[in-house]
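Worksheet: the structure to be examined is printed underneath.
As a basis for the values below, the full set of heavy atoms in this structure was taken, side chains included, without hydrogen atoms, waters or symmetry mates. For the single chain, residues carry numbers from 1 onward in sequence order. Counting starts at 1 for both ligands and their atoms, in listed order. Since the structure is predicted, the reported quantities are computational estimates derived from the model, not experimental observations.
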Amino acid sequence: MTTAAKPALSVAPTPLSKAAQLRRELTSPELSFLMEAHNGLSAKIVEEAGFRGIWASGLSVSATLGVRDSNEASWTQVLEVLEFMSDATTIPVLVDGDTGYGNFNNLRRLVKKLCQYNIAGVCIEDKLFPKTNSFIGEAQPLANIEEFCGKIKAGKDSQLDDDFSLIARIEALVAGWGIDEALHRAEAYHAAGADAILIHSKLSTADEILAFKHDWGERCPVVIVPTMYYETPTEAFRTAGISMVIWANHNLRASISAMRDVCRKICEEQRLVDIEDKITSVQDVFELVGNQELAEAERRYLTSTEKKTHGIVIAASRGRKLGDLTADQPKCMVDIRGKPLLRRLISTMKKGGVRDIMVVRGYKKEKINLPSITTVDNDSYNTTNEAYSLSCALQHIEGDCVFSYGDILFRRSILDALLAASADIVLAVDARGHGFDFHDVERKVDLVSCTRSFSGDYFEETPPVSVVKIGNDLPSDDVHGEWIGLARTSARGSKIIQEQLGTMKKDGCLETSTMLDLFSNILEAGHHVEALYVAGHWLDVDDAFDLAKARNFT
Ligand code: SPV
Ligand code: MG
């Protein structure tokens with residue numbers, strides 16, 4: 001009997017912690033690079049550029065807070081910045097811990113907190129609190145070696161993660177004490193448990209750094225900060241066996257230059273037009289901070305609590321019956337008591353919670369330029385009808401939707417009632433009570449026949465009323481009301497509308513079809529369409545008479 005060989009178990013490698021990543025960079029034989037950042041955004045940019053680690057520079061964090069690199073920002077204020085930097089990135093952050101913000105005890109608190117914030121390591125320098133930047137003045141006093149070794153031990157004993165790195169920074173060369181003192185200190189700090197030595201220099205050549213490294217050999221990793229000896233080719237560091245280079249303040253300095261340029265120009269010119277294409281777009285800012293992820297999360301988590309209702313307004317036609325009033329603008333933009341009709345309509349929809357509104361434009365489309373709407377154009381508005389205009393907004397017919405003609409006004413209560421209805425497709429139908437003869441009305445009326453007539457009862461809403469037929473020429477006895485040009489769909493109802501528009505397109509009748517044709521087809525296809533009875537409180541603006549009425553509508 002033969003047995004089939006078992007497939008080898010494949011176990012996905014566990015991703016390295018940030019502390020382990022930094023440790024790997026420090027101890028690998030290759031030269032590694034850390035790039036300065038000073039807040040969440042610059043940290044993101046460092047990661048985006050491809051760096052494998054971030055230097056949270058004391059100078060830069062202080063300067064971006066508007067204070068000096070002299071421990072003027074408290075350590076908890078710095079910690080807040082570090083938290084943002086760490087949260088914003090997936091690569092390790094090495095923190096410039098200055099002198100540890102006090103004695104061994106302060107360092108113990110700092111190291112614990114850094115570990116809790118998922119910071120990968122800290123670098124402390126052998127100077128006195130409050131520190132002064134190394135490039136200021138001469139012969140700054142150095143810390144006592146024993147005291148500093150105690151700090152290193154205390155820091156290492158306090159770390160919550162075995163891979164956390166504590167780097168001891170030697171300022172002996174900067175303070176003018178020479179290489180022997182630097183080596184003596186390096187030996188002591190290494191013995192006290194430092195994971196690496198940062199040897200600093202403010203000379204414009206790398207001579208003393210390279211001499212130090214030569215004498216130090218491979219006893220532990222060596223980190224350098226070539227801010228002043230920036231002309232030295234990187235290859236020289238590689239050849240010398242340096243472990244890590246820190247580009248210490250170049251994002252800070254680059255941002256100062258860029259901000260100064262743009263401020264000066266805008267201040268002088270008092271306009272933005274020459275600046276816009278030279279700076280990062282707002283869209284880019286959104287991308288950098290991950291707005292896409294938030295949009296996806298909203299789709300996942302917000303749906304049950306907050307429904308987003310799309311609005312679609314069909315406003316492509318001219319409205320010839322209004323004569324000269326629409327010679328220069330579409331009907332939806334005629335003035336109703338000092339405001340365009342469409343603006344009033346949009347305002348009612350927005351107050352009712354329909355915030356994402358798309359208007360289908362056609363005739364004199366450039367005149368429909370209201371803020372806070374999006375538009376789509378039916379450029380063949382002259383030869384096509386309403387269903388075709390609606391199909392121009394096909395992508396927007398998604399989820400809960402409210403559909404409106406662009407030439408109607410209605411009270412908010414009608415919209416509220418529509419939004420509260422539970423059917424997949426609901427039409428607002430004006431019943432105006434028994435006995436109203438819609439055939440007496442001269443204008444073309446969208447007539448609706450329903451399963452029962454309007455009663456006006458307190459319990460009017462139950463049972464729900466279904467639409468049976470819809471059209472302009474229903475026999476009088478069948479008519480129960482007039483569709484006011486306002487409808488609402490659920491996500492399922494929106495799909496039905498989309499599909500029906502698709503079918504009409506395939507059948508070649510989309511271009512000439514009205515909204516009534518669309519709903520008739522939906523009824524014929526066997527879908528349920530509900531009527532929500534209303535009694536007045538709306539109007540449409542078809543001709544001068546309607547317009548006069550509209551101007552009295554409050
Ligand atoms: C920092 O970036 O804050 C440093 C490096 O400590 S240096 O400014 O070169 O001292
Ligand atoms: Mg510093």
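- Atoms of ligand 1 lying under 4.0 Å from any heavy atom of R169, numbered from 1 in the order shown and given with element: 4 (C), 5 (C), 6 (O), 10 (O).
- Between H200 and ligand 1, at least one N/O pair is under 3.5 Å apart.
- Here the options are K156, R24, R219, the test is salt bridge (charged side-chain N to carboxylate O under 4.0 Å, His left out), and the partner is D195; only K156 passes.
- Screening residues 62-79 for salt bridge (Lys or Arg N to Asp or Glu O under 4.0 Å), with sequence neighbours left out, gives R68-E72, D69-K131.
- Heavy atoms of D96 found under 4.0 angstrom from ligand 1 belong exclusively to the side chain.
- An N or O contact shorter than 3.5 Å is missing between F135 and ligand 1 by distance.
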- request: Take R23 and S165 through the side chain to side chain donor-acceptor pair (under 3.5 Å) test and state the conclusion after the steps.
  value: CA-CA 7 Å; R23 186 62 73 78; S165 294; 3.0 Å; yes
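- Contact annotation: M228 has no heavy atom less than 4.0 Å from any atom of ligand 1.
- Considering backbone and side-chain atoms together, S57 places an N or O closer than 3.5 Å to an N or O of ligand 1.
- Considering backbone and side-chain N/O of W55, one or more are found under 3.5 Å from N/O of ligand 1.
- Taking the six-membered ring where the residue is Trp, F212 and W216 present parallel rings, their angle staying beneath 30° rather than reaching 60°.
- In this structure the side chain of E276 never reaches within 4.5 angstrom of the side chain of K278, judged on heavy atoms.
- Residues K127 and Q140 have side chains that bring a donor and an acceptor to within less than 3.5 angstrom of each other.
- The contact set between ligand 1 and G58, taken as ligand atoms under 4.0 Å from a residue heavy atom, comprises 1 (C), 3 (O).
- The atom name of the N/O/S atom in D96 closest to the Mg ion (ligand 2) is OD2.
- For atom 3 (O) of ligand 1, the nearest non-hydrogen atom from the set I246, L59, L198, I136 comes from L59.
- Relative ring orientation between H310 and H396 is described as perpendicular, the plane-to-plane angle rising above 60° on a 0-90° scale split at 30° and 60°.
- Near A248, the atoms of ligand 1 lying under 4.0 angstrom from a non-hydrogen atom of the residue are 2 (O).
- Looking at ligand 1, you'll find an N or O of N133 within less than 3.5 Å of one of its N or O atoms.
- A cation-pi arrangement is absent between R109 and W75 under the rule of less than 6.0 angstrom and at most 45 degrees off the ring axis.
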